[in-house]
Amino acid sequence: MIDDIIREMKAGMDKSVDSFQKDLRRIRTGRASLALLDGIMVDYYGSATPINQLATLSIPEARQIVVQPWDSHAVPDIEKAILKSELGLTPSNDGKLVRIVLPPLTAERRKELVKLVKKMGEEYKVQIRNHRRDANEMLKDLKKDKEISEDDMHKGQERVQKNTDEFITRVDKVITEKEAEIMEI
């Protein structure tokens, strides 16, 4: 029973760390990344469509993203969607494709992004701690129902805390890596 609780808690914590890493891909660093365009929806013939379902996305240079739609009539819609997004990027089009040139980040903007990454990291650490709390409550319920002994409950709580510490360390490592990537010139 305790092993099931720990396994379930670890699965939830793993999902939190994976979500954090996925969210971080959308934060702009000095280099172009196709993940920046994830979540951008284009109004294509009246329906919101993800940009990656309308075009081929590529990175021909370190600071440039090229969006080549399969339907050239979608170029203005794609350009509008990128402008409306919160990325702060200005696309240009030549009628057949959309180019997005990423300007270099200023030192001030890099510091803001690092703060944002740390704030996001704290939110995910709270999620991990919530998983810990839930697991500890399950252990207490098992003890209350006399399904496990007091000693087993304490051993289980120690295992829960050990796993929580490991996942918090993983989040800290991800934050440090992203911070280094942002500050790299």
Side-chain angles (χ1 to χ4, degrees), residues 11-131 167-185:
M13 289 179 174
D14 244 345
K15 286 180 185 172
S16 293
V17 173
D18 290 344
S19 293
F20 180 46
Q21 289 173 322
K22 188 176 180 184
D23 284 352
L24 285 182
R25 285 188 213 121
R26 297 195 64 207
I27 292 183
R28 190 161 86 83
T29 59
R31 285 183 244 120
S33 167
L34 296 181
L36 288 173
L37 302 179
D38 286 352
I40 293 183
M41 302 300 273
V42 179
D43 184 24
Y44 185 63
Y45 291 110
S47 67
T49 310
I51 195 167
N52 60 356
Q53 291 182 10
L54 292 174
T56 302
L57 309 174
S58 62
I59 301 174
E61 297 173 22
R63 287 208 165 109
Q64 183 179 10
I65 299 174
V66 172
V67 181
Q68 188 169 9
W70 297 306
D71 176 6
S72 62
H73 297 293
V75 170
D77 297 329
I78 290 173
E79 191 175 18
K80 246 184 263 174
I82 294 169
L83 281 169
K84 282 185 194 173
S85 72
E86 297 174 6
L87 294 174
L89 300 173
T90 308
S92 62
N93 85 62
D94 64 5
K96 293 183 181 175
L97 47 91
V98 177
R99 291 184 194 281
I100 305 164
V101 178
L102 299 166
L105 295 173
T106 63
E108 185 178 316
R109 180 67 179 142
R110 288 176 194 274
K111 288 176 184 169
E112 287 175 19
L113 289 173
V114 168
K115 282 182 188 175
L116 176 65
V117 166
K118 288 180 178 179
K119 181 179 175 226
M120 288 171 64
E122 284 305 314
E123 291 169 5
Y124 281 96
K125 286 180 187 180
V126 168
Q127 283 184 16
I128 288 170
R129 290 183 193 113
N130 288 341
H131 289 295
F167 279 94
I168 295 285
T169 303
R170 279 178 56 188
V171 169
D172 286 336
K173 184 179 176 216
V174 170
I175 290 170
T176 304
E177 289 171 359
K178 190 65 175 183
E179 183 178 349
E181 188 179 329
I182 290 170
M183 296 309 282
E184 177 185 309
I185 297 177

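For clarity, every value in this text was computed on a predicted model and none was experimentally measured.
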Determine whether a donor-acceptor pair (N or O, by modelled atom type, separation under 3.5 Å) exists between the side chain of Lys178 and the backbone of Val117. no
Checking Ser33 side chain against Ala35 main chain: does a donor-acceptor pair fall under 3.5 Å? yes
Between Ile27 and Leu36, which heavy-atom pair has the shortest distance, and what is it? C-CD2, 4.1 Å
Which atom of Val75 lies closest to which atom of Pro69, heavy atoms considered: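 Shortest heavy-atom contact: CG2-CG, 3.4 Å.
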Yes or no on side chain to side chain contact (heavy atoms under 4.5 Å, CB included) for Val171 and Glu123, after CA distance, side-chain angles and deciding distance? CA-CA 10 Å; Val171 169; Glu123 291 169 5; over 6 Å; no
Drop me the distance from [X]'s [atom1] to [Y]'s [atom2], to the nearest 0.5 angstrom.
X	Y	atom1	atom2	result
Asp18	Lys15	CG	NZ	10.0 Å
Gln21	Asp23	CD	CG	10.5 Å
Leu34	Ile65	CG	CD1	6.0 Å

Expected list for residues 91-106: side-chain donor-acceptor pairs under 3.5 angstrom, two or more places apart:
residue	atom	partner	partner atom	Å
Asn93	OD1	Gly95	N	2.9
Asn93	ND2	Glu79	OE1	2.5
Asp94	OD1	Lys96	N	3.0
Asp94	OD1	Leu97	N	3.0
Thr106	OG1	Arg109	N	3.1

Could you list the residues that satisfy side-chain hydrogen bond (donor to acceptor under 3.5 Å, both in side chains) with Asp38, not counting sequence neighbours? none
Show your working on side chain to side chain contact (heavy atoms under 4.5 Å, CB included) between Asp172 and Lys125 and close with a plain yes or no. CA-CA 9 Å; Asp172 286 336; Lys125 286 180 187 180; 2.5 Å; yes
CA sep, side-chain torsions, deciding dist, call: Leu116, Glu112, side chain to side chain contact (heavy atoms under 4.5 Å, CB included): CA-CA 6 Å; Leu116 176 65; Glu112 287 175 19; over 6 Å; no
Could you walk me through whether Ile168 and Ile128 pass side chain to side chain contact (heavy atoms under 4.5 Å, CB included), step by step? CA-CA 7 Å; Ile168 295 285; Ile128 288 170; 4.1 Å; yes
Can you give me every donor-acceptor pair (side chain of residues 40-47, partner residue at least two apart or in another chain, under 3.5 Å) with its distance?
residue	atom	partner	partner atom	Å
Tyr44	OH	Asp71	OD2	2.8
Ser47	OG	Tyr44	O	3.4

